[in-house]
Amino acid sequence: MECTLKDLRYKEVISVTDGTRFGYVGDLEVDVDSGQIRSLIIPGPARFFGLFGHQEDVVIAWDEVRRFGQDIILVDKTGQKNRPEREKLRLW
């Protein structure tokens, strides 16, 4: 089964351990030297309709990915490893 980044964005990430729905893949971390995927990045939910930014991104290591389905990606997420919020542009 072949899958592009565009295809990954339409797959929901769900934990096989407790059924937690993390959201949809927003980005990937790739090791440029080896070309291997290191992790999936799921953007955090918006705060107050997106006016106050987003919560922290959820980072799922590639070795925690268990199965790819037609519409979902099953992961074995054991600990909460979040990525700090991205630096935001301040307008004032």
Side-chain angles (χ1 to χ4, degrees):
M1 176 176 159
E2 293 182 15
C3 190
T4 64
L5 178 57
K6 180 181 174 184
D7 296 334
L8 286 177
R9 290 180 182 263
Y10 296 107
K11 294 182 187 277
E12 187 173 16
V13 180
I14 299 175
S15 172
V16 294
T17 56
D18 60 0
T20 302
R21 296 177 146 203
F22 293 108
Y24 294 88
V25 176
D27 205 354
L28 299 173
E29 280 187 25
V30 177
D31 183 357
V32 178
D33 295 329
S34 67
Q36 295 180 336
I37 298 173
R38 290 193 180 238
S39 59
L40 301 174
I41 301 171
I42 295 114
R47 293 183 185 159
F48 194 68
F49 304 108
L51 296 174
F52 295 109
H54 288 82
Q55 295 178 9
E56 293 181 345
D57 294 343
V58 177
V59 178
I60 298 178
W62 188 250
D63 60 351
E64 294 176 327
V65 175
R66 295 295 169 246
R67 200 140 180 109
F68 283 89
Q70 194 73 7
D71 299 326
I72 63 172
I73 300 172
L74 297 176
V75 297
D76 186 11
K77 182 91 168 128
T78 54
Q80 192 66 12
K81 292 190 291 185
N82 288 336
R83 156 181 285 204
E85 291 185 26
R86 295 181 182 153
E87 189 174 315
K88 296 185 174 49
L89 177 65
R90 294 187 182 209
L91 300 176
W92 54 89

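- Remark: the backbone N or O of Ile41 is not paired with any side-chain donor or acceptor of Asp27 at under 3.5 angstrom.
- For Asp31, the salt bridge (charged side-chain N to carboxylate O under 4.0 Å, His left out) partners are Arg38, not counting sequence neighbours.
- Residue Val65 is grouped with residue Val13 when hydrophobic side chains (ILVMFWY) are merged at heavy-atom distances under 4.5 angstrom, including chains of intermediate members.
- Closest approach of Ser39 and Ala61 over heavy atoms only: CB-CA, 3.9 Å.
- Separation of atoms CG (Leu8) and CZ (Phe68) is listed at 5.5 Å; rounding is to 0.5 Å.
- A 4.5 Å side-chain heavy-atom check between Val25 and Tyr10 finds every atom pair outside the cut-off.
- Annotation for Asp63 and Arg66: closest pair O-NH1, 2.7 Å, computed over non-hydrogen atoms.
- With rounding to the nearest 0.5 Å, the separation of CH2 in Trp62 from CD in Glu29 is 12.5 Å.
- Side-chain atoms of Lys77 come within 3.5 Å of backbone N or O of Val59 as a donor-acceptor pair.
- Under a 3.5 Å cut-off, the side chain of Ser15 and the backbone N or O of Thr17 do form a donor-acceptor pair.
- The hydrophobic cluster containing Val16, built from Ile/Leu/Val/Met/Phe/Trp/Tyr side-chain heavy atoms closer than 4.5 Å, also comprises Ile14, Ile72, Leu74.
- Within the model, atoms OH of Tyr24 and CG of Leu40 stand 14.5 Å from one another, a figure rounded to the nearest 0.5 Å.
- The main-chain N or O of Gln70 is found under 3.5 Å from a side-chain atom of Lys11 such that the two form a donor-acceptor pair.
- Interatomic distance, CD1 of Ile42 versus CZ of Arg9, reported as 12.0 Å (0.5 Å rounding).
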